[in-house]
2 protein chains.
Amino acid sequence: MATRTRRAERREEPLSRERIVEVAVELLDAAGEGGLTFRALAERLATGPGAIYWHVANKSELLDAATDAVVAGALAARDARSPKSPRDGIRAVALGLYDAIEAHPWLAVQLATQLSRSPWQPVTLRIFESVGRQVGALGVPENSWFTATSALLHYILGAAGQNAANAVSGRALGPGSSRAQFLDDASKTWEALDPDDYPFTRAVAAQMRDHDDREQFLAGVALILTGMTAPPSPA
Amino acid sequence: MATRTRRAERREEPLSRERIVEVAVELLDAAGEGGLTFRALAERLATGPGAIYWHVANKSELLDAATDAVVAGALAARDARSPKSPRDGIRAVALGLYDAIEAHPWLAVQLATQLSRSPWQPVTLRIFESVGRQVGALGVPENSWFTATSALLHYILGAAGQNAANAVSGRALGPGSSRAQFLDDASKTWEALDPDDYPFTRAVAAQMRDHDDREQFLAGVALILTGMTAPPSPA
DNA sequence: GCCTGATTGGAACAACGTTCCATCGCGGAC
DNA sequence: GTCCGCGATGGAACGTTGTTCCAATCAGGC
């Protein structure tokens with residue numbers, strides 16, 4: 001309130017693309033996909049919706065930027081540690097993405113959308129490269145690098161996204177041990193399915209109750225690693 | 001114009017949930033995610049937006065129903081043929097979903113969204129069961145059914161979605177051989193990346209130019225099958 | 001022949017993404 | 001020191017969306 005002007009006084013910290021993206025991530029974290037609104041964004045930044053458009057072309061670019069920022073952070077955090085073996089490297093990248101998705105559940109949908117709307121955007125490429133480098137180091141024959149990396153990548157994103165959903169659902173019901181309750185309920189639902197239509201799902205209901213998310217996730221990664229390094233299957 | 005009433009005369013074919021979902025799928029196919037609008041839907045059905053809400057709770061339920069209808073159709077088409085071997089069965093299910101996603105590109109995002117918003121909805125369960133049944137028949141040890149099926153499922157959905165995006169991009173540029181052009185461009189883009197930041201991506205650029213979508217997709221499936229049937233990796 | 005409840009469809013509302021434009025403030029030209 | 005120009009701002013306004021509301025309609029039992 002130092003100087004009085006006809007308009008609201010100018011912000012001390014000027015608007016910037018980074019600041020906008022930062023707040024966008026906060027909004028997404030707080031209220032999910034639908035929580036990111038140009039009006040909410042403007043309010044948090046103490047400005048009007050119009051000002052934001054000077055720094056960002058539209059909402060979809062903003063979402064991309066938010067995704068990029070979070071993913072870059074997650075991958076950089078893992079790249080810092082130099083892994084002992086390529087296997088550890090892959091596990092590190094996978095868990096990095098897993099944690100990022102768990103911390104920012106909207107990431108899963110966003111990455112999937114971006115992947116299937118126009119693959120090989122900056123974000124996707126970054127992840128692809130990060131995973132692929134470790135795959136190469138693992139001694140996988142070069143002619144199956146593309147296939148192997150794709151398989152790993154899709155598993156990581158899909159499984160992480162799904163586990164994140166489980167985690168969030170669990171959290172929503174209450175803190176602490178409610179996760180067990182949640183898994184138990186889901187498991188019971190599976191067991192109550194029609195035996196003719198869902199024999200398999202019923203059979204794994206117990207497995208699903210007792211599983212540990214992270215362990216399960218890493219088991220999947222290990223399974224794919226086995227597939228990449230084993231000699232091609234006899235068929 | 002047979003009978004004159006103050007309102008428009010009543011439809012000959014009454015509104016029904018199935019009819020609404022059917023038209024919804026048409027709209028999604030024609031114009032993608034954003035093409036599905038309650039107003040567009042109402043116009044095609046020669047009614048008002050309000051009437052639709054008598055049969056469908058809201059847009060998200062409508063999207064779920066559309067997804068469910070398409071997926072159920074795709075899986076049923078494949079289930080009809082009884083495969084010779086579990087491997088063939090898995091390939092059949094995978095290709096069924098692959099084709100469905102290619103025919104309805106919006107499916108990829110929709111399935112991913114549903115999977116990571118609340119997993120184990122009817123649609124997801126249907127796919128899980130369909131894939132899992134074949135996994136069980138393959139002789140995979142029961143204690144890794146859940147992991148193996150998840151890995152396969154996530155790969156199928158992710159890879160199919162991405163390939164569908166490629167196909168659509170290729171189609172958008174023009175018919176026929178423009179696909180080669182598209183792949184060539186993408187490949188050149190990769191080769192032009194910074195050698196320090198993207199060594200791996202540059203290395204597979206050539207592979208990516210020459211690959212066949214379907215073949216590549218099946219190679220990924222085969223890789224995961226190898227991983228599920230091989231003895232656990234030594235690590 | 002009405003009367004009741006299921007169904008219809010058009011109008012209205014709030015919220016959204018986006019555009020527009022009057023306004024501001026800083027930095028260089030004079 | 002003054003002025004001007006342009007990057008930047010923010011509030012108002014527009015069109016479209018999902019959704020709600022309700023008067024109007026139909027079909028079938030009484």
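Per chain, numbering begins at 1; letters A, B, ... match sequence-line order.
Listed by residue number, the members of residues 53-65 of chain B with any heavy atom below 4.0 angstrom from DNA chain C are B:Trp54, B:His55.
For residues 43-66 of chain B, the set of pairs meeting the ring pair (Phe, Tyr, Trp, His ring centres under 6.0 Å) definition, not counting sequence neighbours, comprises B:Phe38-B:Tyr53. The salt bridge (charged side-chain N to carboxylate O under 4.0 Å, His left out) pairs that include a residue from residues 100-116 of chain B number zero, where partners must be two or more places apart or lie in different chains. A salt bridge (charged side-chain N to carboxylate O under 4.0 Å, His left out) check over residues 38-61 of chain B, counting only residues at least two apart or in different chains, returns the pairs B:Arg17-B:Glu61, B:Glu26-B:Arg44. Each ring pair (Phe, Tyr, Trp, His ring centres under 6.0 Å) pair with one or both residues in residues 178-203 of chain B, not counting sequence neighbours, appears once here: A:Trp120-B:Trp190, A:Phe128-B:Trp190, A:Phe128-B:Phe200, A:Trp145-B:Phe200.
For the pair A:Phe38 CZ and D:dG15 P, the interatomic distance rounds to 20 Å; values are reported in whole Å. B:Arg39 has its CZ atom 13 Å from the P atom of C:dA12, to the nearest Å. Atom CZ in B:Arg17 sits about 14 Å away from atom P in C:dT7, given to the nearest Å. The CD1-C1' distance, from A:Ile52 to C:dC20, rounds to 16 Å in whole Å. Rounded to a whole Å, the CD atom of A:Glu43 is 14 Å from the P atom of C:dG17. The separation between B:Ile20 atom CD1 and C:dT7 atom P is 12 Å, rounded to whole Å.
You'll find that the side chain of A:Thr37 is closest to C:dC16, out of C:dC16, D:dT9, C:dG9.
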Donor-acceptor pairs under 3.5 Å, side chain of residues 64-73 of chain A to any protein atom, not counting sequence neighbours: which ones?
{"from": "A:Asp64", "atom 1": "OD1", "to": "A:Gln114", "atom 2": "NE2", "distance (Å)": "3.0"}
{"from": "A:Thr67", "atom 1": "OG1", "to": "A:Leu63", "atom 2": "O", "distance (Å)": "2.8"}
{"from": "A:Asp68", "atom 1": "OD1", "to": "A:Arg126", "atom 2": "NH2", "distance (Å)": "2.9"}
{"from": "A:Asp68", "atom 1": "OD2", "to": "A:Arg126", "atom 2": "NH2", "distance (Å)": "2.8"}

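Under the 4.5 Å side-chain criterion, counting only non-hydrogen atoms from C-beta, B:Ile127 is not in contact with B:Ile156.
In this structure, A:Leu36 reaches the sugar-phosphate backbone alone: every heavy-atom distance under 4.0 Å involves primed, P, OP1 or OP2 atoms, never a base.
For C:dT8, neither phosphate oxygen OP1 nor OP2 lies less than 4.0 angstrom from any side-chain nitrogen or oxygen of B:Thr47.
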